[in-house]
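Reminder, nothing fancy here: chain letters follow the sequence lines and each chain counts from 1.
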Amino acid sequence: MIRIHNTLTQQKEEFKPIEPGKVRMYVCGMTVYDYCHLGHARVLVAFDVITRYLRHRGYDVHYVRNITDIDDKILRRADENGEVYTDLTERMIAAMHEDEARLGVLSPTEEPRATAYIDEIVAMIHKLVASGHAYAADNGDVYFAVESYKDYGKLSKKKLEDLVAGARVDVQEAKRSPADFALWKAAKPGEVSWESPWGNGRPGWHIECSAMSNCCLGETFDIHGGGPDLLFPHHENEIAQSECANGQAFVNTWMHAGAIRVNKEKMSKSLGNFFTIREILEKYPPEIVRYFLVSSHYRSQVDYSEESLAEAGRTLTKLYHALRGIIPAKDVAETDYDKRFDEVMDDDFNTAGAIAVLHAVANEINQHRREGKDEEARQAAAVLVRLGGVLGLLQQDPEAFFQADTGGELTAEDIEAMIQARAEARKAKNFAEGDRIRDELAEKGIILDDSREGTTWRRG
RNA sequence: GGCGCGGUGGCAGAGUGGUUAUGCAGCGGACUGCAACUCCGUGUACGCCGGUUCGAUUCCGACCCGCGCCUCCA
């Protein structure tokens, strides 16, 4: 039995898909006006692990993650760059796919783009206007009438009175209530636009997700996820739109990832502590970044720092050491480790607990190999790779992981040659020369590991 | 001000009404020519104060502190 924390009820609940054996999940994707940052990576990796685990448990997961490719920020950025907005979005989508692939994030089942769903969006707005839940304002915009939906606020636990009383909502003459939000935005002169019954314009952000999830997954589906700051107003508005348009429940389980902080401060552009995925990947191998993200629970707030990444690197290195020089056995039956792994993961995807199981398996491998029990070690290695795979970890060849070119001055050939020279010196009992070579390599970031089978190296 | 989350050993981070989380770092030992890797051993941990209980880090209440959202934001 899988239990999932539902933001809607603020409790862990037994997960029961609408259709047995199938999971329909929607996650809010990127607005493609800039490179993805660490916060995006958190959401990407969190829902990637969730998808992998649900599949591991036998579910047929239909995972939809949208792309918002029309939006104020996109138009502004394209304008600043002096380029056509589609050039900007195409470039950012390509970059996003590159970042995802490097982090080991599997492609979603579908990746709908807002601009490909304009007709469906217009149809949904039309439905809302016809049923009195939305209205065309004098300025050409169409707004959702928040007061027409009695459950407004049920996800974010906000009361409409408080929202209206708050000074921070955008008070606009055209709106009936300050909390109303735009479904359709009238085009400004020269701006890209689409036709609609209310004049030329483009969709508001919230309605895109309602329309696309409706098209790809139906009126009611199992899981809707996203970043923590989307909870309000974005997800709240999605619920209002979808439930008013369809007259039935929108989503059963709402899931939100925790926020990323940087050196104990909120990550933000104004604080100058904003990291894009590609910036981080210049400094750390992708799997280490992924390990860092997976090593704490998806709902907890995590603090990014050089030190935590370094520690993640040391720990992952230890895991790969267990696998080094072993060819995992094939077709290994389910073990107690598999059971423990599933048990902790069943509890709201407790990846931290799952990683503890990984360490237990690694420890067993190391003990077997110390005792010369090669077959047992190969069996356990297969389990480690299998369970690691559910988290999207440990799928590389260990040597590839250890020796990944991080732009050091030495090539693999240089290193191999020096190791050879050291081996000869040691054979001649010239330990001083052997140690000198080892020290020289160490200075250049190369660590040697001697074993009965010979010397291996890694970049430290 | 409103709503919500959290305070666990040097650090990171799970979890539990009574029994080892795990990892990193440290220390001691084994292995090694010396290291590295690995193994074994090691650490008054659960914000504060009350309450419930045979027993609370784990449940309840108050308090202190930190954080998030309330505006575009993953």
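When base pairs are accepted only as Watson-Crick or G-U wobble with both N-N or N-O distances under 3.5 Å, RNA chain B takes part in stems of 3 or more pairs at B:1-7 with B:64-70, B:10-12 with B:22-24, B:26-30 with B:38-42, B:49-51 with B:59-61.
Every residue two or more places apart in sequence or in another chain that forms a salt bridge (charged side-chain N to carboxylate O under 4.0 Å, His left out) with A:R113 is listed here: A:E90.
Contact annotation for A:L231: no contact, since no heavy-atom pair falls under 4.0 Å across all strands. Within the nucleic acid shown, A:G258 comes within 4.0 Å of at least one base atom, counting heavy atoms only.
Judged by distance alone, with hydrogens and angles left aside, A:D435 brings a side-chain donor or acceptor within reach of the base of B:G33, the pair sitting under 3.5 Å. A:H256 contributes no side-chain N or O that forms a donor-acceptor pair with the base of B:A74 under 3.5 Å.
Contact between the side-chain N/O atoms of A:K318 and the OP1/OP2 oxygens of B:C24 is found at a separation under 4.0 Å. Listed pair A:H40 / B:A74 meets the phosphate criterion, a side-chain N or O lying under 4.0 Å from OP1 or OP2. OP1 or OP2 of B:C40 has at least one side-chain nitrogen or oxygen of A:N363 nearer than 4.0 Å. Listed pair A:N366 / B:C39 meets the phosphate criterion, a side-chain N or O lying under 4.0 Å from OP1 or OP2.
A gap of 15 Å separates the C1' atoms of B:A30 and B:A35, to the nearest Å. Comparing B:C60 with B:G23, their P atoms are spaced 31 Å from each other, to the whole Å.
Listed by residue number, A:Q367, A:R370 are the residues of residues 367-377 of chain A with a heavy-atom contact under 4.0 Å to RNA chain B.
Under the 30°/60° scheme for interplanar angles, the aromatic rings of A:H224 and A:W254 are found to lie parallel. Note: A:Y152 and A:F232 have perpendicular aromatic rings, judged against thresholds of 30 and 60 degrees for the angle between ring planes.
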Distances under 3.5 Å between nitrogen or oxygen atoms of protein and nucleotides 2-9 of chain B:
| from | atom 1 | to | atom 2 | distance (Å) |
| --- | --- | --- | --- | --- |
| B:G2 | O2' | A:D162 | OD2 | 3.1 |
| B:G2 | N2 | A:K158 | NZ | 3.3 |
| B:C3 | O2' | A:K157 | O | 3.4 |
| B:G4 | O3' | A:Q10 | OE1 | 3.3 |

What's touching nucleotides 10-12 of chain B from the protein side, N or O pairs under 3.5 Å?
| from | atom 1 | to | atom 2 | distance (Å) |
| --- | --- | --- | --- | --- |
| B:A12 | OP1 | A:K264 | NZ | 3.3 |

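Residues A:A322 and A:Y33 each lie close to RNA chain B; by heavy-atom proximity, the contact nearer the 5' end of the strand is made by A:A322. Comparing A:I355 and A:P233 by the nucleotide of RNA chain B whose heavy atom lies nearest to each, the residue mapping closer to the 5' end is A:I355.
Here A:R314 pairs with A:E307 in a salt bridge; the nearest charged N to carboxylate O distance falls below 4.0 Å. The pair A:E376-A:R369 does not meet the salt-bridge criterion, since no charged nitrogen lies less than 4.0 angstrom from a carboxylate oxygen.
Distance, A:R340 CZ to B:A21 P: 14 Å, rounded to whole Å. Nucleotide B:A74 holds its P atom 11 Å from the NE2 atom of A:H235, rounded to whole Å.
Residue pairs meeting the salt bridge (Lys or Arg N to Asp or Glu O under 4.0 Å) criterion with at least one member in residues 279-288 of chain A, sequence neighbours excluded: A:K283-A:E306.
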